[in-house]
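Sequential numbering from 1 along the given sequence is applied to the chain's residues. Just the heavy atoms: all of them, side chains too, but no hydrogens, waters or symmetry mates, feed the values below. Predicted model only: the values in this text are computed from it and were never measured.
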Amino acid sequence: MNFAAMEQSLKLKLLGVSILVIGVGIGLAVYLNAGSHAGPVSGYELTDSGAYPLSPFDSKQQMRSMELYGGKMGVMMYQFAIWFGGLWQGRNLARMIWILSAAAAWVCFYLARRSTATGQESDGPR
């Protein structure tokens with residue numbers, strides 16, 4: 001198969017399929033090999049059954065001091081930073097890989113359909 005002689009829409013469709021297949025494969029590998037991300041830990045609570053991690057949001061004292069120095073906006077920005085950072089670790093990373101590969105493949109398929117609809121290709125047998 002001569003890649004240079006292929007039509008533009010066929011190249012874009014092939015690129016979209018390859019992005020989708022590779023993205024799903026990498027996402028599946030990450031999902032199976034990674035645990036879930038628990039988030040930041042500010043300490044541990046010790047009980048009879050074991051130690052449990054504590055989030056900074058569990059401590060009223062830490063949240064109060066954060067609000068005192070940064071205001072409510074500082075607390076919201078900290079919570080956003082924790083949430084956004086958690087998207088790129090563990091199983092959430094696999095989900096993001098799936099979403100981004102599906103979006104990139106959709107763009108390729110959309111551009112392939114658009115190039116076919118505008119008639120930029122030669123009219124040949126299909």
Side-chain angles (χ1 to χ4, degrees):
M1 177 177 244
N2 188 1
F3 190 72
M6 291 173 56
E7 297 177 358
Q8 182 181 2
S9 68
L10 188 58
K11 288 179 187 178
L12 285 170
K13 288 177 185 176
L14 185 61
L15 179 65
V17 167
S18 62
I19 287 173
L20 194 59
V21 168
I22 291 170
V24 168
I26 291 173
L28 185 63
V30 169
Y31 187 83
L32 293 176
N33 290 323
S36 62
H37 180 257
V41 176
S42 64
Y44 291 91
E45 179 180 351
L46 299 174
T47 63
D48 293 336
S49 60
Y52 297 101
L54 292 175
S55 161
F57 305 119
D58 293 337
S59 168
K60 288 184 181 180
Q61 181 181 6
Q62 185 161 347
M63 292 303 289
R64 184 185 179 285
S65 65
M66 190 180 304
E67 187 175 344
L68 180 67
Y69 293 116
K72 292 197 182 288
M73 191 64 174
V75 173
M76 288 174 45
M77 291 300 293
Y78 177 73
Q79 290 174 344
F80 176 77
I82 295 299
W83 171 79
F84 190 74
L87 290 178
W88 307 104
Q89 296 176 358
R91 290 189 171 175
N92 289 333
L93 174 62
R95 292 181 186 106
M96 290 304 296
I97 291 172
W98 289 332
I99 290 170
L100 292 175
S101 65
W106 180 85
V107 168
C108 290
F109 294 141
Y110 175 77
L111 292 175
R113 179 178 287 181
R114 189 168 176 192
S115 71
T116 304
T118 58
Q120 292 178 356
E121 299 178 33
S122 63
D123 293 338
R126 295 188 185 205

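Under the side-chain contact (heavy atoms from CB on, under 4.5 Å) criterion, Val21 pairs with Val17, not counting sequence neighbours.
We find the CG-CZ distance between Leu68 and Arg64 to be 6.0 Å, quoted to the nearest 0.5 Å. A distance of 10.0 Å separates CG in Asn33 from CZ in Arg91, rounded to the nearest 0.5 Å. The CE atom of Met96 sits 10.5 Å away from the OG atom of Ser101 when rounded to the nearest 0.5 Å. Here Met63 contributes atom CE and Met66 contributes atom CE; the two are 5.5 Å apart, rounded to the nearest 0.5 Å.
In the hydrophobic clustering (ILVMFWY side chains linked at under 4.5 Å, chained through shared members), Leu12 is joined by Trp106, Val107, Tyr110, Leu111.
In the hydrophobic clustering of this structure, Ile22 groups with Ile97; members are Ile, Leu, Val, Met, Phe, Trp, Tyr whose side-chain heavy atoms approach within less than 4.5 Å, directly or through other members. At a threshold of 4.5 Å between side-chain heavy atoms, the hydrophobic network of Ile, Leu, Val, Met, Phe, Trp and Tyr places Leu32 and Ile26 in two separate groups. Hydrophobic clustering keeps Met76 apart from Tyr69 (ILVMFWY residues linked when any side-chain heavy atoms are closer than 4.5 Å, directly or through intermediates). Neither Met73 nor Ile82 shares a network with the other; the hydrophobic side chains, linked directly or stepwise wherever heavy atoms of I, L, V, M, F, W or Y lie under 4.5 Å apart, form separate groups for each. Side-chain heavy atoms closer than 4.5 Å link hydrophobic residues (I, L, V, M, F, W, Y) into clusters, and following such links, even through other members, never connects Leu20 to Ile99.
In this structure, Ser115 and Ser9 approach most closely via the heavy-atom pair OG-CB, 3.6 Å. For the residue pair Ala104 and Ile19, the shortest heavy atom distance occurs at CB-CG2, 3.9 Å. Contact detail for Gly16 and Cys108: the closest heavy-atom pair is CA-CB, 3.7 Å. Heavy-atom minimum distance, Ala51 versus Leu46: CB-CD2, 3.6 Å. Residues Ala94 and Gly27 share a closest heavy-atom pair of CB-O, 3.2 Å. In this structure, Leu28 and Trp98 approach most closely via the heavy-atom pair N-NE1, 3.5 Å.
Residue pairs meeting the side chain to side chain donor-acceptor pair (under 3.5 Å) criterion with at least one partner in residues 70-84, sequence neighbours excluded, are Glu67-Lys72.
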